[in-house]
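One structure below.
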Amino acid sequence: MKLTRIGGPTVLVELDGWRLLVDPTFDPAGRHYAFGWGTGSTKTRGPAIALDDLGPIDVALVSHDHHADNLDDAGRAMLPSAGAVVTTVSGAGRLAQGAPGSRVPGDRLHGLATGGSVTLPAPRPGLPALVIAATPCRHGPPLTRPIVGDVIGFAVRRQGEEQVALWVTGDTVLFEPLRRAAEELSIDVMLANVGGVRFGVTGPLRFTMTGRDAVELVGIAAPRVATFAHYDGWSHFVDGEEGLRDAIDASAASVHDRAVWLAEGVALEV
């Protein structure tokens, strides 16, 4: 497996010849985006790799489609060119009805609820089929799902294998169903979304994991490799890279020794 962090939550994953893109965001820096209910964020860093230089994508994994820090305008526009798009059930409905030029054809669009899965046949000879299952996410405090909307994570397996080759946590706080998923899955590579998202209008409420939360989850999941995204490039990442690095540096060897940092724009074999 080879991982390339592009910025924010966006990571290119090359797995056994497959090219998977996690949460496409390719807009330039500088724009402010409204997220609803008085919340919003400014994009502070552009992508480390331009969309034109990315190459073909077999699968786009979109944890949720309704916040621009996980799917911005340029990211949305590239989805129809992907071989398949996997997202939430509600997100699939919206992407199927998108504006001309960004509408994803129904035969390439897969909407999953937590616990659901889809098997994707090999796009080229010699590649394994992949099974992608939706894992639990809660993008905020208890009872906020009707406000913040549906989010999922992704457990990616080679067909016929029990081990999860890649687990993408998605945008989530640390809560009991997520802990249970971490306990139950046998994970090779874990990609955790962190950042400790907060907004002025919602005070101390958090909408994603902090570095300390990620350390706890890595300790539970015990993957071979743990790596991280969604902690820089946007103004609403309050815990950010500093909080994540402090938490990893202070963690036990059982976590610290599994952690791998991804430099922006640099492919790393894991």
Side-chain angles (χ1 to χ4, degrees), residues 1-16 18-29 41 43-64 67-72 74-75 78-79 82 86 151 153-156 164-172 187-197 208-211 213-215 217-218 221 223-249 255-256 258-270:
M1 189 186 303
K2 187 184 296 182
L3 303 176
T4 308
R5 190 167 72 92
I6 295 172
T10 310
V11 178
L12 174 65
V13 180
E14 297 171 87
L15 171 62
D16 293 346
W18 284 80
R19 290 171 53 84
L20 301 90
L21 187 65
V22 180
D23 285 334
T25 55
F26 289 91
D27 284 358
S41 184
K43 188 169 187 178
T44 59
R45 297 171 71 170
I49 298 175
L51 192 53
D52 290 343
D53 298 328
L54 185 64
I57 297 299
D58 297 312
V59 186
L61 302 175
V62 182
S63 62
H64 58 302
H67 294 155
D69 61 316
N70 289 81
L71 185 66
D72 59 18
M78 66 77 56
L79 291 181
V86 185
V151 184
F154 303 97
V156 182
V164 172
L166 173 71
W167 182 33
V168 182
T169 66
D171 276 11
T172 182
I187 302 163
D188 185 32
V189 177
M190 172 180 172
L191 176 61
N193 280 15
V194 283
V197 166
T208 61
M209 290 188 288
T210 63
D213 294 332
V215 163
L217 191 63
V218 171
R224 180 179 62 84
V225 169
T227 192
F228 312 94
H230 197 262
Y231 57 80
D232 65 359
W234 292 80
S235 63
H236 64 320
F237 295 155
V238 176
D239 190 57
E241 181 174 350
E242 182 178 359
L244 177 59
R245 286 190 178 274
D246 287 347
I248 295 295
D249 288 345
V255 172
H256 186 276
R258 302 176 194 272
V260 171
W261 290 92
L262 301 176
E264 278 192 330
V266 179
L268 181 68
E269 290 190 4
V270 294

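We count residues from 1, following the sequence as given.
- The line from CD of Glu264 to CD1 of Ile6 is 10.0 Å long, rounded to the nearest 0.5 Å.
- Shortest non-hydrogen contact noted between Pro24 and Val62 is CD-CG2, 4.1 Å.
- Residues Pro9 and Val22 are not in side-chain contact: their nearest non-hydrogen atoms beyond the backbone lie 4.5 Å or more apart.
- The shortest distance between side-chain heavy atoms of Arg5 and Thr227 does not fall below 4.5 Å.
- Residues Val189 and Leu3 meet the side-chain proximity criterion, which asks for heavy atoms closer than 4.5 Å.
- At most 12 heavy atoms of other shown residues, nucleotides or ligands fall within 6.0 angstrom of atom CD in Glu242.
- For the pair Arg258 and Pro223, the tightest heavy-atom approach, listed with the atom from each and the gap, is NH1-O, 2.7 Å.
- Asp171 has its side chain out of reach of His67: every pair of non-hydrogen atoms, C-beta onward, lies at least 4.5 Å apart.
- Within the 4.5 Å cutoff, the side chain of Trp261 has heavy atoms near those of the Ile248 side chain.
- The backbone N or O of Thr10 sits nowhere less than 3.5 Å from a side-chain atom of Thr25 that would complete a donor-acceptor pair.
- For the atom pair CD (Glu241) and OH (Tyr231), the distance works out to 5.0 Å, reported to the nearest 0.5 Å.
- Minimum heavy-atom separation, Thr4 to Gly265: CG2-C, 3.9 Å.
- Here CG of Leu268 is found 11.5 Å from CE of Met1. Values are rounded to the nearest 0.5 Å.
- Thr208 and Asn193 share no side-chain donor-acceptor pair at under 3.5 Å.
- In this structure, the side chains of Val86 and Val59 come closer than 4.5 Å at one or more pairs of heavy atoms.
- Distance check, rounded to the nearest 0.5 Å: CG of Asp58 to CZ of Arg19 gives 7.5 Å.
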Review point. Where do Lys43 and Asp27 land on the salt bridge (charged side-chain N to carboxylate O under 4.0 Å, His left out) test, with the steps shown first?
Key: CA-CA 8 Å; Lys43 188 169 187 178; Asp27 284 358; 5.8 Å; no

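- Here the side chain of His230 pairs no donor or acceptor atom with the backbone of Gly8 at under 3.5 angstrom.
- Put simply, the side chain of Asn70 never gets that close to the backbone of His64: no donor and acceptor are under 3.5 Å apart.
- Rounding to the nearest 0.5 angstrom, the gap separating the CZ atom in Phe26 from the CD1 atom in Ile49 is 7.5 Å.
- Between the side chain of Ser235 and the backbone N or O of Ser41 there is no donor-acceptor pair closer than 3.5 Å.
- Minimum heavy-atom separation, Lys2 to Ala267: CD-CB, 3.5 Å.
- When every heavy atom of Asp249 is checked against every heavy atom of His256, the shortest pair comes out as CA-CD2, 4.1 Å.
- Annotation: the span from Met78 atom CE to Leu71 atom CG amounts to 9.5 Å, rounded to 0.5 Å.
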**Study point:** side-chain contact (heavy atoms from CB on, under 4.5 Å) between Val238 and Thr210, intermediate numbers included
**Key:** CA-CA 9 Å; Val238 176; Thr210 63; over 6 Å; no

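- Using a 4.5 Å heavy-atom cutoff, the side chains of Leu20 and Phe154 are not in contact.
- Asp188 and Ala165 get closest at one heavy-atom pair: CB-O, 3.5 Å.
- The shortest distance between side-chain heavy atoms of Asp23 and Val168 does not fall below 4.5 Å.
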